[in-house]
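What follows is a short report on a single structure.
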Amino acid sequence: MSEKISWIDNLRALACMMVVMVHASTSLVVSFAAVHTAEWMVANLLNSASRVCVPLFFMISGALFFGEKSAQKRHFFRVTFCLLFYSAVSLLYILTMTKIGFWPSLRLIVEKPVFYHLWFFYAIIVIYLLSPLIHVKAVSGKYLLIAGILLGVLANPQLPALTWQKIHLLPLDLYIGGDTFYYVLYALMGRAISQLDTRKRGITLAAAAIFVLSTLTIAAGTYRQMQINQNFADTFYVYSGPLVFISAMALFVTFKNALSGHILPGFGLISRHSLAVYGFHALIIIAMRSRHLDFPQFPLLNVAFLFICGLGGGLGLAMLLGKVDRRKWVS
């Protein structure tokens, strides 16, 4: 159990940092005017590598709750309180620092989050609700590989269409629709991989290599698609896309194999406060940019600066909140 928790803590902390990196680098990545610059290329690589962040959170939840244990009342309470609390914080930010308006943001809260990054709390509730109904059986690695290739890649609706002589070849039509299917699939795969004996010769190195290769392909695909569209294109960035799916599986296996013996320095702290960092970081980054407290004239320095502010500020606020929130409902 201690080994299991150590690598999951490491992975959760990394996923949390990746979420912050996605939002810290987005302002540079979406700028089509910067596409041909070295700074854009670096930001695109960082963003491409970090796109596994949310899939990793779903995989971790599946590893923990799609087996002998399932989400309990305290887990439902915590995610609900987080949704309500960080929605309230976001509404306060909107009311005091924007011209969007309080009521236009609040009236659709059942339909969509009041601030864009809070969608995750809605989605994770689905995983928690399904957890008492799902107990993933131990399966062979060969089966898991075949199922992953079919469901995650070949039948993925996000896969670019492939035709030959006007015959549709890919993606396979298995009637898969909606991102939620992939959020649940990530959780299922997380549990199944966590039960596998993956510490075999060459697997860790191969998984790490696949992660690097898929990251480079996501970055190259994004560059090419932006050239075609002459504008920002998130085609290869979507969390349910086939390349992100492959990348998430590979990084999950890499951490499970290589970092199961100990928690990396600082990762335990970030892991404990990951939900709070998630809730605060986007507000901090947006506030820094809207108040012109960043350095857009130095693009990569700005990405690093926003990342440090988002992660450090979110972690600091989480620790301060923990002084009041003794039961750790939202901190």
Is there any side-chain hydrogen bond (donor to acceptor under 3.5 Å, both in side chains) pair reaching into residues 137-166, and which pairs are they, with sequence neighbours excluded?
-> none

Nearest atoms (heavy-atom pairs only) where Ile124 meets Val79 = CG2-CG2, 3.2 Å

Side chain Ser131, main chain Tyr128, donor-acceptor under 3.5 Å | yes

4.5 Å side-chain heavy-atom contact, Leu317 and Ile284 | yes

Check the surroundings of atom CZ in Phe77: do more than 12 heavy atoms from other residues, nucleotides or ligands lie under 6.0 Å from it?
-> no

Among Trp119, Tyr239, Tyr122, ring pair (Phe, Tyr, Trp, His ring centres under 6.0 Å) partner for Tyr183 | Trp119

Could you check if a side-chain atom of Ser50 sits within less than 4.5 angstrom of a side-chain atom of Val19, using non-hydrogen atoms only?
-> no

One should read off an interatomic distance between Phe305 CZ and Ile308 CD1, to the nearest 0.5 angstrom, of 8.5 Å

Main-chain N/O of Tyr223 paired to Gln225 side chain as donor or acceptor, under 3.5 Å = no

Validation row: Ile228, Arg224 side chains within 4.5 angstrom (heavy atoms) | yes

Are side-chain heavy atoms of Leu130 and Val126 found at a separation under 4.5 Å?
-> yes

If you round to the nearest 0.5 Å, how far is CZ of Arg12 from CD1 of Ile60?
-> 5.5 Å

For residues 255-279, which residue pairs qualify under ring pair (Phe, Tyr, Trp, His ring centres under 6.0 Å), counting only residues two or more places apart or in two chains?
-> His117-Tyr278, Phe120-Tyr278, Phe121-Tyr278, Tyr278-His281

Pair Phe232 + Trp40: ring centers closer than 6.0 Å | no

Residue pair Arg272 / Met319, side-chain heavy-atom distance below 4.5 Å = no

Beyond-backbone contact of Leu243 with Val153, side-chain heavy atoms, under 4.5 angstrom | no

Say you draw a straight line from CG of Leu11 to CG of Leu56; how long is it, rounded to the nearest 0.5 Å?
-> 5.0 Å

Does the gap between the ring centers of Tyr186 and Phe245 come in under 6.0 Å?
-> yes

Asn302 (side chain) donor-acceptor with Phe298 (main chain) under 3.5 angstrom = no

So, do Val330 and Leu275 sit near enough that their side-chain heavy atoms are less than 4.5 Å apart?
-> no

For the ring pair Phe65 and His75, is the centre-to-centre distance below 6.0 Å?
-> yes

Looking at Phe280 versus Tyr86, is the centre-to-centre ring distance below 6.0 Å?
-> yes

Beyond-backbone contact of Arg51 with Ser247, side-chain heavy atoms, under 4.5 angstrom = no

Flag for Thr198-Lys256: side-chain donor and acceptor within less than 3.5 Å | yes

